[in-house]
Trainee: 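Please read through the structure below; I'll follow up with questions.
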Number of protein chains: 2
Amino acid sequence: MNANGFGTQVKRGVIEFCVLSMLNRREHYGFELVQELSRIDGLLTSEGTIYPLLSRLRRAGLVSTEWRESTSGPPRKYYRLTPEGEHTLQDYRRQWTLIRDAVNTLVSD
Amino acid sequence: MNANGFGTQVKRGVIEFCVLSMLNRREHYGFELVQELSRIDGLLTSEGTIYPLLSRLRRAGLVSTEWRESTSGPPRKYYRLTPEGEHTLQDYRRQWTLIRDAVNTLVSD
DNA sequence: GTCCAGTACCTTGCATAACAAAGTACTTGG
DNA sequence: CCAAGTACTTTGTTATGCAAGGTACTGGAC
């Protein structure tokens with residue numbers, strides 16, 4: 001309800017969209033997604049958000065995973081979009097554009 | 001998770017923002033908000049969403065209410081922004097701009 | 001050689017909120 | 001007189017962000 005709540009609630013919707021978009025560009029591992037998103041003003045997030053999200057995307061068949069060794073730490077689990085994931089992303093893009101424009105119209109004073 | 005889920009999740013964040021913006025322009029009663037929002041493509045909503053939201057805004061001190069008779073139906077509960085509500089709206093505007101631009105940058109291919 | 005920070009994964013529990021559904025009550029037209 | 005529209009409210013379900021805590025490996029500082 002307060003200032004923090006707004007960001008939280010909006011992010012609830014857009015984080016999944018952002019993750020799919022990032023995976024559409026190239027594969028990422030989870031920790032990397034957390035770091036890259038958190039570097040962006042307004043999208044600060046944490047492992048407790050991203051890892052469960054990635055599990056859901058996997059269960060839904062939108063991403064596939066592959067373990068790979070790292071030269072400097074624990075192994076990493078890489079995620080990439082499946083064809084179904086690409087299709088879903090397209091759909092999200094349409095919906096995002098719709099909602100974004102609706103909101104911009106409504107809230108402009 | 002599916003196509004419907006996306007809209008739901010994004011709306012979870014922006015509906016409150018939209019309602020505050022609409023109340024900033026002029027007072028509205030609840031049913032009216034449901035109808036006006038639902039006319040906008042991408043913001044379809046229902047009474048089960050708006051009435052609890054208005055209660056929360058009232059409890060948080062962001063809106064004030066006033067019952068008024070209608071010439072054509074049951075009495076209406078009108079909502080208007082409090083000074084604190086206006087302040088919160090300003091804050092939401094900043095956050096929305098931040099997140100909107102971040103998402104637009106991220107998801108543009 | 002031991003300790004601490006960093007990397008990288010995962011899970012549990014809590015709080016929040018959209019929505020469907022059902023309920024109340026008043027008004028108007030057929 | 002009763003169905004449909006207006007208008008408000010509440011209950012239960014479900015989803016999800018996040019804090020917090022856990023595991024495990026690596027490398028540098030002391």
Side-chain angles (χ1 to χ4, degrees), chain A residues 1-20 27-38 42-60 63 65-79 95 99, chain B residues 1-20 27-38 42-60 62-63 65-79 92 95 99:
Chain A
M1 180 58 62
N2 55 22
N4 294 332
F6 178 69
T8 293
Q9 294 310 320
V10 175
K11 271 189 280 180
R12 184 186 291 258
V14 298
I15 286 275
E16 180 183 338
F17 180 35
C18 290
V19 165
L20 289 179
E27 60 177 12
H28 287 78
Y29 57 96
F31 198 73
E32 195 184 12
L33 288 167
V34 175
Q35 291 180 316
E36 289 195 13
L37 283 170
S38 292
L43 295 179
L44 179 67
T45 191
S46 70
E47 300 169 76
T49 296
I50 295 300
Y51 288 122
L53 168 60
L54 289 171
S55 294
R56 288 196 301 275
L57 294 175
R58 191 179 180 334
R59 276 198 304 277
V63 300
T65 62
E66 187 193 347
W67 282 101
R68 215 172 301 156
E69 296 294 326
S70 163
T71 55
S72 63
R76 299 164 173 171
K77 201 170 176 180
Y78 282 85
Y79 293 80
Q95 293 191 63
I99 293 178
Chain B
M1 181 57 63
N2 55 21
N4 294 331
F6 179 69
T8 293
Q9 294 310 322
V10 175
K11 271 190 281 180
R12 184 186 291 260
V14 298
I15 286 277
E16 180 183 337
F17 180 36
C18 291
V19 165
L20 289 179
E27 60 177 13
H28 287 77
Y29 58 97
F31 199 72
E32 195 184 15
L33 288 168
V34 176
Q35 291 179 316
E36 290 194 13
L37 283 170
S38 292
L43 295 180
L44 179 67
T45 191
S46 71
E47 299 168 80
T49 296
I50 294 301
Y51 288 121
L53 167 61
L54 289 170
S55 294
R56 288 197 302 275
L57 294 176
R58 191 181 182 330
R59 276 198 303 278
L62 306 187
V63 301
T65 62
E66 186 192 348
W67 283 100
R68 216 173 302 156
E69 296 294 325
S70 163
T71 56
S72 62
R76 298 164 173 172
K77 200 170 178 180
Y78 283 84
Y79 293 81
Y92 284 10
Q95 292 191 63
I99 293 177

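Basis for what follows: all heavy atoms, side chains included, without hydrogens, waters or symmetry-related copies. Residue numbers start from 1 in every chain, and the chains themselves are labelled A, B, ... in the order their sequence lines are given, proteins ahead of strands.
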Trainee: To the nearest angstrom, how far is W67(A) atom CH2 from dC10(C) atom C1'?
Mentor: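 Whole-Å distance recorded here is 9 Å.
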Trainee: Considering just the side-chain nitrogens and oxygens of R12(A), establish if one lies under 4.0 Å of OP1 or OP2 belonging to dA17(C).
Mentor: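 No.
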Trainee: Measure from CZ on R68(B) to C1' on dA7(D) and round the result to the nearest Å.
Mentor: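 So the CZ-C1' distance, R68(B) to dA7(D), works out to 15 Å.
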Trainee: What pair of heavy atoms forms the shortest contact from L43(B) to C18(B), and how long is it?
Mentor: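 In terms of heavy atoms, the two residues are closest at CD1-SG, 4.1 Å.
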Trainee: Which nucleotide sits closest to the side chain of T8(A): dC9(C), dC18(D), dT10(D)?
Mentor: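 Among the listed nucleotides, the one closest to the side chain of T8(A) is dC18(D).
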Trainee: What contact category does G30(B) fall into here, base, sugar-phosphate, or nothing, at under 4.0 angstrom with non-hydrogen atoms?
Mentor: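 Sugar-phosphate contact only.
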Trainee: Measure the shortest side-chain to side-chain distance between V19(B) and L37(B) over non-hydrogen atoms and say whether it is less than 4.5 angstrom.
Mentor: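 Yes, side chains in contact.
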Trainee: Which nucleotide sits closest to the side chain of S70(B): dC19(C), dA7(D), dC9(C)?
Mentor: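 Out of dC19(C), dA7(D), dC9(C), the nucleotide with an atom closest to S70(B)'s side chain is dA7(D).
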Trainee: For F6(A) and dG17(D), give me the distance from atom CZ to atom P, rounded to whole Å.
Mentor: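 My rounded result for the distance is 15 Å.
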Trainee: Would you classify T65(A) as touching base, sugar-phosphate or nothing, given that sugar-phosphate means primed atoms plus P, OP1 and OP2, and contacts are heavy atoms under 4.0 Å?
Mentor: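 Answer is nothing: T65(A) stays at 4.0 Å or more from every strand.
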Trainee: Is there a donor N/O on one and an acceptor N/O on the other, under 3.5 Å, for the side chain of R76(B) and the base of dA7(D)?
Mentor: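 Check fails, no donor-acceptor contact within cut-off.
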Trainee: Anything under 30° is parallel, anything over 60° is perpendicular, the rest tilted; go ahead and classify F17(B) against F6(A).
Mentor: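 Rings of F17(B) and F6(A): perpendicular, as their planes differ by over 60°.
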Trainee: Please work out if T45(B) contacts a base, only the sugar-phosphate, or nothing of the nucleic acid, heavy-atom cut-off 4.0 Å.
Mentor: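 If one applies the 4.0 Å heavy-atom cut-off, T45(B) turns out to touch the sugar-phosphate alone, with no base involved.
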Trainee: Just the rounded figure in Å: distance from C1' of dG17(D) to CG of L44(A).
Mentor: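 Nearest whole value for this atom pair: 12 Å.
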Trainee: Ignoring backbone atoms, test whether K11(A) places a side-chain nitrogen or oxygen under 4.0 Å from the OP1 or OP2 oxygen of dT16(D).
Mentor: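 No, because none of the side-chain N or O atoms of K11(A) sits under 4.0 Å from OP1 or OP2 of dT16(D).
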Trainee: Among dG17(D), dA18(C), dA19(D), find the nucleotide with the atom closest to the side chain of R56(B).
Mentor: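 Selected nucleotide: dA18(C).
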Trainee: Expressed in angstrom and rounded to an integer, what is the separation of Y79(B) atom OH from dA7(D) atom C1'?
Mentor: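 Whole-Å distance recorded here is 11 Å.
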Trainee: What I'd like to find out is whether the side chain of L33(B) reaches to under 4.5 Å of the side chain of L53(B), using heavy atoms alone.
Mentor: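 In short, these two side chains do not touch, never coming nearer than 4.5 Å.
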Trainee: Rounded to the nearest angstrom, tell me the gap between atom CZ in F17(B) and atom P in dA18(C).
Mentor: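 Going from CZ in F17(B) over to P in dA18(C) covers 15 Å.
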Trainee: Polar atoms only, N or O, under 3.5 Å: list the protein pairs with nucleotides 21-25 of chain D and their distances.
Mentor:
none

Trainee: Got a sec, which residues hit side-chain hydrogen bond (donor to acceptor under 3.5 Å, both in side chains) with S38(B), two or more places apart in sequence or on another chain?
Mentor: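 For S38(B) there are no side-chain hydrogen bond (donor to acceptor under 3.5 Å, both in side chains) partners, ignoring immediate neighbours.
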Trainee: Give a yes/no answer on whether the side chain of Y51(A) brings an N or O atom under 4.0 Å of OP1 or OP2 in dC10(C).
Mentor: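 No, because none of the side-chain N or O atoms of Y51(A) sits under 4.0 Å from OP1 or OP2 of dC10(C).
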Trainee: Taking the side chain of Y29(B) as heavy atoms from C-beta outward, which of dA18(C), dA7(D), dT7(C) is closest to it?
Mentor: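 Shortest atom-to-atom distance from the side chain points to dA7(D).
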Trainee: Determine: side-chain N/O of K77(B) to OP1/OP2 of dT9(D), distance under 4.0 Å, yes or no.
Mentor: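 For dT9(D), OP1/OP2 do have a side-chain N/O of K77(B) under 4.0 Å.
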Trainee: Roughly how many Å is it from CD in Q35(B) to P in dT6(D), rounded to a whole number?
Mentor: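 From Q35(B) CD to dT6(D) P: 6 Å.
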Trainee: Taking the side chain as every heavy atom from C-beta outward, state whether R58(A) and T65(A) have any atom pair closer than 4.5 Å.
Mentor: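 Answer yes - side chains close enough.
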Trainee: Let me know, please, whether I15(A) or S72(A) comes out on the 5' side of the other along DNA chain D by nearest nucleotide.
Mentor: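 Mapping each residue to its closest nucleotide by heavy atoms, the 5'-most match is I15(A).
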Trainee: Does E47(A) have any side-chain hydrogen bond (donor to acceptor under 3.5 Å, both in side chains) partners at least two apart in sequence or in another chain, and if so, which?
Mentor: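 Partners of E47(A) by the side-chain hydrogen bond (donor to acceptor under 3.5 Å, both in side chains) criterion come out as none, since no residue qualifies.
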Trainee: Any side-chain heavy atom of Q9(A) sitting closer than 4.5 Å to one from E16(B)?
Mentor: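 With C-beta onward as the side chain, the pair stays apart.
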Trainee: Of all the nucleotides listed (dC9(C), dG17(D), dT11(C)), which has the minimum atom distance to the side chain of P52(A)?
Mentor: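 Looking only at heavy atoms from C-beta outward on P52(A), the closest nucleotide is dT11(C).
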Trainee: Atom CG of L54(B) to atom P of dA18(C): distance rounded to whole Å?
Mentor: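 After rounding, the gap between these two atoms is 11 Å.
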